[in-house]
Trainee: 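Dropping a structure here in structure tokens format, bear with me for questions.
Lettering of chains follows the sequences in order, A, B, ..., and the numbering in each one begins at 1. Note that the coordinates shown come from a computational prediction; the quantities given were computed from them, not determined experimentally. Every heavy atom of this structure was used, including side-chain atoms; hydrogens, water molecules and symmetry mates were not.
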2 protein chains.
Amino acid sequence: MGRKRLQEPADGRPTVHTVAARAGVSIASASRVLNGVGGSPETIRKVREAAAEVGYVPNAIARSLQSQRTGLVALAVEDIGNPVYVEMMRAIEAVVASSGRQLLVHATGGRIDNETALLRRLANRYVDGMIVSPIRVTDDHLTALVDSPVPVVVVGQLGADAPIDNVRTDSRHGVALAVDHLVATGRRRIGFVNGPLDTVPGAARDAGFRAALAGHGIPLDAALIEVGDFQYAAGRAATERLLARADPDALVCANDLIAVGALHALLVAGRRVPQDVALVGMDDTELARMMFPQLSSVSLGSAERGRRAAELLLQRIADATLPPRREQVPPNLVVRASSAATVPAPRPAAGPPTTHPSSEGVTA
Amino acid sequence: MGRKRLQEPADGRPTVHTVAARAGVSIASASRVLNGVGGSPETIRKVREAAAEVGYVPNAIARSLQSQRTGLVALAVEDIGNPVYVEMMRAIEAVVASSGRQLLVHATGGRIDNETALLRRLANRYVDGMIVSPIRVTDDHLTALVDSPVPVVVVGQLGADAPIDNVRTDSRHGVALAVDHLVATGRRRIGFVNGPLDTVPGAARDAGFRAALAGHGIPLDAALIEVGDFQYAAGRAATERLLARADPDALVCANDLIAVGALHALLVAGRRVPQDVALVGMDDTELARMMFPQLSSVSLGSAERGRRAAELLLQRIADATLPPRREQVPPNLVVRASSAATVPAPRPAAGPPTTHPSSEGVTA
DNA sequence: CCGATAGCTGTAAACGTTTCCGGGGAGTCT
DNA sequence: AGACTCCCCGGAAACGTTTACAGCTATCGG
């Protein structure tokens, strides 16, 4: 007969065989006791003791191979530094952790190839499921998502007929909320600093801005629209370009990072916020509250979307036969100092300019 | 004889058996071809074809069980939303990804139990290695780190004799740089907004602040020291408390989040920055450059520390017998508008005393 | 007092891959 | 022509776990 399997691996780390041998029982009994299912009191005692003595800790990989699940869930977002994704991530992590799983975070940099490569590697079964928030979507991309061997939930807009669990918001409407608010407080020369138009959110926000302006009968002035990417530096640069050629009395920004960049550019240019230019960001991240003046921002419920996406994913992991579901989180506007109606009246001509410390402290 | 193993699992997903059978070769040959090692041209062709036809993708879990590595590296930090960790994470991720591995990110919330639990779960071999940046360290904690079955690299201060790969900076010295700079530009009533003293960085920065002040012969005024935690809201609240009872002409903050909170509190209180109060943060994150005025900040080289930690970890994964190493990244001060010398001259004694409020405040 | 039943235990198969090893064929050198 | 080398191939073991199955003992009901 051939020699039995090694009881003690060269590694030195104990396996269930080590424990079983030491306890004088079979590996099956040892495994049962360690999993808390069955076993006589005597067996339980012996196995527990042996396990404690050798410091046994089960090998999760072997277990996964057997059980066909890893307890890992992946999240793929464009930019891990964007506070909106941090908030989403926190919400997802809370749900995922409460189900005893761990979260694997991936930054795609918005590059599609990166994301499809990730999808493909996903097929190798290392994660039980995935949440992805793509900012660009192609057909290839879509079929990769649909064909994924593990459950996928998408956060963001998706073709209407795609059979994929999906939680979205309505950022078109979100931009409209911002514009409505600015118009209501007397602003008319409303500028817009957007992200790339070839992204899903960029396109949606552009459409929303144009529609909202049209809804108020305000003619579109191309000089008041500027495009960068969704980062701080680009937002600042784009705003500088815009200010060089136009004179807005309000600025809508496609996310909070851009808004912070815009704020910086405005203050450097000597404009007072909100007296000279009202400013509204989007995503309502912690960053908006950190600024001085605090930024108004359109909340797109990122934490809520993350939470729901995680729940959808967990449900689908539990039951793969569920029909594709779609959930929607409504946007809502949070008004803060950066777009407050100016003190005496919305008219920029009247009123003492100085009551607010922000103006003097900031425009040195 | 018993029946052979299923060629086609109920799952429907192809395994190496499926493609071997389809190609008419053994699983050993199939495996070799798929791994690009060996095989005759004919075999290679057949296997490749079969694999493509059934859409074979290897099961990473089974592979890991065999190879004893997962290609996953974990990172545990206190707060995933703190930009300093974002920068560190980016640097780590770059190194890790270039070695073909993936990064698993974990937020510990600074709670020790959380972290040791993570360490213990680590023992189950799901990751090849781990980078941890603990803000609190106990003995239990330390032994858990030392006993870890997988390689661990610590970012941050650690007991001098701990046999653990470690990359650190000198935040004591970092605080001293800030104080030196403020003193050199004429500030005397220098306040300090710190994080919790029972954390390693909190304690180090406190010690650094006291030492630096003593070095300049400036008596310590307890009213000028305030403690919160390392978050924005706490920094703002702590600064409000401090301003209620003291009148600093400069503020050193234990990190940039605190500094942003402090800036907000200062501006709300009507203080001008830097004229009335100079402000210096720490970590030199993107956030510091986003503010208006831009914040001076002591860089602790977080990206560099992350990069080095990742490299140390990869080296140790490759060779576990390496002796424990320790690397140090020096701090350096980045001066920006928030602590610029006030306009007429840095000399408080010489120049005309009245033009600027700060100068008169300084000669107390 | 005997058969059914319940609970425990051990053997062995299974998860899907890599890899050691031995056998065999083809080519080359002496 | 025989021996040697080199390469390719297939069988089978191994990674460490869970679990189906069957056998065993002890208890209980009839």
Trainee: Determine all donor-acceptor pairs shorter than 3.5 Å in which one atom belongs to a side chain in residues 150-160 of chain B; sequence neighbours excluded.
Mentor:
unit_1: B:Q157; atom_1: OE1; unit_2: B:R168; atom_2: NH1; d: 3.2
unit_1: B:Q157; atom_1: NE2; unit_2: B:T169; atom_2: O; d: 2.5

Trainee: Once you round it to whole Å, what is the distance between P of C:dC8 and CZ of A:R45?
Mentor: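 From A:R45 CZ to C:dC8 P: 16 Å.
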Trainee: Which salt bridge (Lys or Arg N to Asp or Glu O under 4.0 Å) pairs, counting each pair once, include a residue from residues 70-80 of chain B, with sequence neighbours left out?
Mentor: A:R90-B:D79
Trainee: Return the nearest nucleotide to the side chain of A:S26; candidates are D:dG10, C:dT17, C:dG10.
Mentor: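 Given the options D:dG10, C:dT17, C:dG10, the side chain of A:S26 is closest to C:dG10.
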Trainee: In residues 137-145 of chain A, what donor-acceptor pairs under 3.5 Å come from side-chain atoms, sequence neighbours left out?
Mentor:
unit_1: A:T138; atom_1: OG1; unit_2: A:H141; atom_2: N; d: 3.2
unit_1: A:H141; atom_1: NE2; unit_2: A:E115; atom_2: OE2; d: 2.9
unit_1: A:T143; atom_1: OG1; unit_2: A:D140; atom_2: O; d: 2.8

Trainee: B:Q68 has an atom CD; how far is it from atom C1' of C:dG16, in whole Å?
Mentor: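 About 15 Å, once rounded to whole Å.
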Trainee: For the pair made of NE2 in B:H17 and P in D:dG10, what is the distance, rounded to whole Å?
Mentor: 13 Å
Trainee: What N/O pairs connect the protein and nucleotides 18-22 of chain C at under 3.5 Å? Give each pair on its own line.
Mentor:
unit_1: C:dT18; atom_1: OP1; unit_2: B:N35; atom_2: OD1; d: 3.2
unit_1: C:dT18; atom_1: OP1; unit_2: B:N35; atom_2: ND2; d: 3.1
unit_1: C:dT18; atom_1: OP1; unit_2: B:R63; atom_2: NE; d: 3.1
unit_1: C:dT18; atom_1: OP1; unit_2: B:R63; atom_2: NH2; d: 3.3
unit_1: C:dT18; atom_1: OP2; unit_2: B:S31; atom_2: OG; d: 2.7
unit_1: C:dT18; atom_1: O2; unit_2: B:Q66; atom_2: NE2; d: 3.4

Trainee: What distance separates A:I80 CD1 from B:I80 CD1, expressed to the nearest 0.5 Å?
Mentor: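 Nearest 0.5 Å value for the CD1-CD1 distance: 5.5 Å.
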Trainee: Round to the nearest Å and state the distance from A:L65 atom CG to D:dA14 atom P.
Mentor: 17 Å
Trainee: Hey, could you give me each pair passing salt bridge (Lys or Arg N to Asp or Glu O under 4.0 Å) that has a residue in residues 58-76 of chain A? Not counting sequence neighbours.
Mentor: none
Trainee: Run the side-chain contact (heavy atoms from CB on, under 4.5 Å) test against B:R45 and tell me which residues pass, sequence neighbours left out.
Mentor: B:E42, B:E49
Trainee: Expressed in angstrom and rounded to an integer, what is the separation of A:I61 atom CD1 from D:dT17 atom P?
Mentor: 11 Å
